[in-house]
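In what follows, a single structure is set out as structure tokens and then discussed.
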Amino acid sequence: MAHLATQKALLLPARAGKWYVGDAPIPRPGPQDVLVKVLAAALNPIDWKLVDSPFTALIPEFPFISGTDGAGIVEDVGLEVTTLQKGDKIVFQGWFSNPYATFQQYCLVPAPVTAKIPEGISFDQAASIPLGLATVVLALWDHNPRTEKSIRLTPPWEEGGLTQYAGKPAFIIGGASSVGQYAIQIAKYQGFSPIITTASPHNAELLKSLGATTVLDRNLPASQILAELPKLTGGKPLEFVYDAISLADTQSLAYEALAPGGSLVIVLPELIPSELKKSSDGKKVANVFGNVQHPECRPCGEELYKRLTVWLEKGIVKPNKVEILPGGLAGIPEGLARLEAFKVSGTKLIARPQETA
Ligand SMILES: NC(=O)c1ccc[n+]([C@@H]2O[C@H](COP(=O)([O-])OP(=O)(O)OC[C@H]3O[C@@H](n4cnc5c(N)ncnc54)[C@H](OP(=O)(O)O)[C@@H]3O)[C@@H](O)[C@H]2O)c1
């Protein structure tokens, strides 16, 4: 890489500014990093929220490069990296720091939070996985004693992780979202049953193919959904609810559906009305932070990445459906506008940074 000093990146010049394609330095890997040629980068709601919202606080400097999902080819490795070599095909999660972001042609990633992409999975498909899956895995299985952001189920790599939830019902709100699709698959892997989800009816077959047993129309009134749930669970208590949407109305629905003593995952700041909450009900709520590069999340993240290749080979985790945006990095702003307008359904938008003019 010595001959190439700069690359194309999608840059945000300032808070509330407009994205533009410009030049950025190609970063050099630290001892545990690899330099990746990014062939596919997925778009996520956080990428538009970062521009001008409380999430802007995550931006360390301007101009800023976003992008938290990537797949590509290892171009160079740091001095201490022994697990990867130039030419390996990997999937990985980006971070809120320019050298580690995926909306550019080359970025860095720490080797312990990467996984090789198996045969049969394209770079575009692989890029649909990291943030959505991490948002489920960290919310369920992170046992870091400092974190309040996990409901601490037994992970599948520990005794009982694949047996103790068998036959327990799960309710996943927003099953067609990227996060929701991974929540359904992970709930199935752990043996939860039935797995009830909400989505638009046109996504029902897709979600059943991932493991949902019932797909309720997300436009039904909450009272009707709450009335359906006990019939679908056969009266068993609903001790696990994952709200992959976490708007005010879905958080209320999720909290009301949850059995006393149960655990609810939310993906945005808590909006549950105080009148619904009773300290005596013992309901736990965890607001996840879904990035394996966060120092607190790294140990659980590394456990995930040790297994991801095999989970993809075995079909335990299936990628989202993907739509490729035209124009490389230049196609991202329009894609983000579609995400912001909720005009993307059951699909991950993917940019190919190498196709940037
Ligand atoms: N805390 C974290 O670390 C973290 C990490 C990742 C994402 N998030 C947040 O999680 C949310 C989901 O992210 P994502 O990338 O998974 O989103 P996404 O894939 O863009 O979500 C789009 C889907 O949301 C579904 N949806 C929208 N409103 C719904 C409702 N009221 N009920 C049920 N389904 C609804 C739609 O389903 P239909 O098409 O079936 O109508 C649509 O397919 C975002 O707010 C994101 O910012 C947080």
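Whatever order the structure lists ligands and atoms in, that order sets their numbers, starting from 1. Just so it is clear, the model here is predicted, and its values are computed rather than measured.
Taking the six-membered ring where the residue is Trp, W19 and F103 present perpendicular rings, their angle passing 60° and hence far from 30°.
Looking only at atom types and distance, the side chain of S150 has no donor-acceptor partner in the side chain of H143 under 3.5 Å away. Side-chain contact annotation: N203 with S345, donor-acceptor N/O pair under 3.5 Å present.
Under a 4.0 Å N-O distance rule, the pair K277/E270 qualifies as a salt bridge.
Enumerated by chain and number, the residues approaching ligand 1 to less than 4.0 Å through a heavy atom are P45, K49, L131, T135, G174, A176, S177, S178, V179, T198, A199, S200, N203, R218, A244, I245, T250, V267, L268, V288, F289, G290, L339, F342, V344, S345, G346.
With E75 as the fixed residue, the salt bridge (Lys or Arg N to Asp or Glu O under 4.0 Å) test singles out one of K89, K37, K86: K86.
Checked against the 6.0 Å centroid threshold, F192 and F240 count as a close aromatic pair.
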